[in-house]
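See structure below.
In what follows, every chain begins at residue 1, and chains take the letters A, B, ... in the order their sequences are listed.
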There are 2 protein chains.
Amino acid sequence: MTTRTERTRLRILEIALRLFAAEGYDAVPVTRIADEAGVSHMTFFRHFPSKSDVVVTDPYDPLIAEFVRAQPAGLSPLERGRRGILEAWSRIADQSDVADDSVRLRLGIVATHPGLRARMWESQQVTQQAIAAALADGGTDVLEAEAVAGALIGALTSALFLVGAHPTLGMGDAVAGAMRALDPGPQS
Amino acid sequence: MTTRTERTRLRILEIALRLFAAEGYDAVPVTRIADEAGVSHMTFFRHFPSKSDVVVTDPYDPLIAEFVRAQPAGLSPLERGRRGILEAWSRIADQSDVADDSVRLRLGIVATHPGLRARMWESQQVTQQAIAAALADGGTDVLEAEAVAGALIGALTSALFLVGAHPTLGMGDAVAGAMRALDPGPQS
DNA sequence: GCAGAATTGTTAGTCACTAACGTCACGCGT
DNA sequence: ACGCGTGACGTTAGTGACTAACAATTCTGC
């Protein structure tokens with residue numbers, strides 16, 4: 001049951017992504033997208049609070065934080081975060097359609113544009129804060145929780161940008177590789 | 001020998017920071033800053049390419065990458081990065097004046113503003129890329145180098161935001177704490 | 001003091017985004 | 001099937017960041 005709102009939103013989104021990919025993000029004004037979608041620029045902004053949201057929005061679940069919270073308290077904060085993200089990813093990868101072409105297309109657009117990279121990082125901050133809160137609730141002190149969460153999101157974000165820049169790199173491999181890079185290896 | 005350019009730049013900077021701190025970043029238009037500094041808005045933009053540069057610019061040296069590169073090749077990439085940043089920081093802290101009040105003031109303004117946080121992260125990306133390149137030159141594969149660099153900058157950035165939000169937290173302590181959070185501890 | 005160079009000002013314009021308010025069409029109940 | 005209320009959409013007018021082109025000013029070396 002697709003409502004009218006969803007249809008309009010999707011139409012705007014597809015046209016915008018096509019134009020951005022073809023002509024470049026900065027070269028395409030919002031009015032152009034609105035025109036080609038047969039709507040006014042106001043309608044565009046009602047569906048996407050800002051131009052960049054078209055390309056940056058995907059609900060990278062605060063569900064990640066739940067998986068972090070679920071890790072055994074005996075582990076170091078970094079290790080809890082690592083494993084939480086890995087588990088969350090495998091859960092997400094199951095219900096596929098996340099690794100679909102639209103995501104890759106968006107990552108491709110974002111990866112080449114510093115301002116959009118920053119916007120994407122900004123959008124990940126809610127996840128980062130959720131992870132930090134999960135760790136801090138587990139008794140980790142605030143500075144360490146914040147630093148670990150920042151590191152995890154930083155590594156993850158870098159990996160996703162690589163995916164956008166490298167058509168041959170799979171998202172699953174990238175995420176797994178990023179988390180492996182933070183693996184301390186066997187502890188003494 | 002302070003040139004005219006430097007004087008004008010400094011005047012704009014001081015007035016802008018004062019206004020931002022007093023009334024909020026979004027509430028102060030560029031024209032207002034220009035007026036109070038006795039210049040036109042064009043002069044503002046000639047000294048600061050964008051409004052946010054006033055608050056986000058400080059040359060957090062690509063010197064960091066040199067210290068990373070200088071770490072022994074036997075260590076893991078993460079460990080090389082950790083130690084490189086720690087050494088770079090101690091070197092920077094020596095020639096003081098980095099930890100001065102202006103930096104804290106700017107961090108305070110940035111920390112409360114999501115868009116500015118993103119801009120600051122964006123400005124750290126040149127350092128991140130330099131670190132990634134340093135690691136990749138040392139034989140680390142690209143994904144791991146990129147992920148580690150992202151993690152380091154992510155942790156560092158989070159720590160700096162905490163400094164901005166917490167007047168009692170010292171910058172040195174924050175940086176040290178952030179790096180400690182990524183310490184794998186004694187390896188087996 | 002004067003020529004040339006660097007710095008700044010003026011003006012006019014583009015684009016992202018917002019507020020207020022009017023209008024129309026969709027889909028719901030009857 | 002048909003009206004009617006609500007939500008989706010349009011229009012207009014405006015603000016603020018930022019740029020280009022060119023004119024005017026101040027500064028500096030000689």
Determine the contact category for B:Thr43: base if any of its heavy atoms lies under 4.0 Å from a base atom, sugar-phosphate if only primed atoms, P, OP1 or OP2 are that close, otherwise nothing. sugar-phosphate
Evaluate the ring planes of A:His113 and A:Tyr25, with Trp represented by its six-membered ring, and classify them as parallel (under 30°), tilted (30 to 60°) or perpendicular (over 60°). perpendicular
Note, [X] side chain near [Y] side chain (heavy atom, < 4.5 Å):
X	Y	result
B:Ile15	B:Arg18	yes
B:Glu79	B:Arg82	yes
A:Phe161	A:Met120	yes

Using whole Å, report how far [atom1] of [X] lies from [atom2] of [N].
X	N	atom1	atom2	answer
A:Phe44	D:dA8	CZ	C1'	17 Å
B:Phe45	C:dG9	CZ	P	14 Å
B:Phe48	C:dT8	CZ	P	12 Å
A:Asp26	C:dT14	CG	P	17 Å
B:Ile33	D:dA17	CD1	P	8 Å
A:Asp53	C:dC17	CG	C1'	12 Å
B:Arg11	C:dT8	CZ	C1'	11 Å
B:Asp35	C:dT8	CG	P	16 Å

Taking only N and O in the side chain of B:Thr31, is any of them less than 4.0 Å away from OP1 or OP2 of D:dG16? no
Nearest-nucleotide pick for [X], side chain only, options being [options]:
X	options	answer
A:Val30	D:dT11, D:dA17, C:dA16	C:dA16
B:Val39	D:dA17, C:dT8, C:dG9	C:dG9
A:His47	C:dC15, D:dC9, D:dC18	D:dC9
B:Met42	D:dC9, C:dA16, D:dA20	D:dA20
A:Ser40	C:dA16, D:dG10, D:dA17	D:dG10
A:Arg7	C:dT8, C:dG27, D:dA17	C:dG27
B:His41	C:dT18, D:dT19, C:dC15	D:dT19

Nearest nucleotide by nearest heavy atom, which residue falls closer to the 5' end of DNA chain C, B:Gly38 or A:Pro49? B:Gly38
Can you say whether a donor on the side chain of A:Arg46 sits under 3.5 Å from an acceptor on the base of D:dG10, or the other way round? yes
Verify salt bridge (charged side-chain N to carboxylate O under 4.0 Å, His left out) between B:Glu6 and B:Arg9, making sure each step is shown before the conclusion. CA-CA 5 Å; B:Glu6 294 172 48; B:Arg9 191 193 135 93; over 6 Å; no
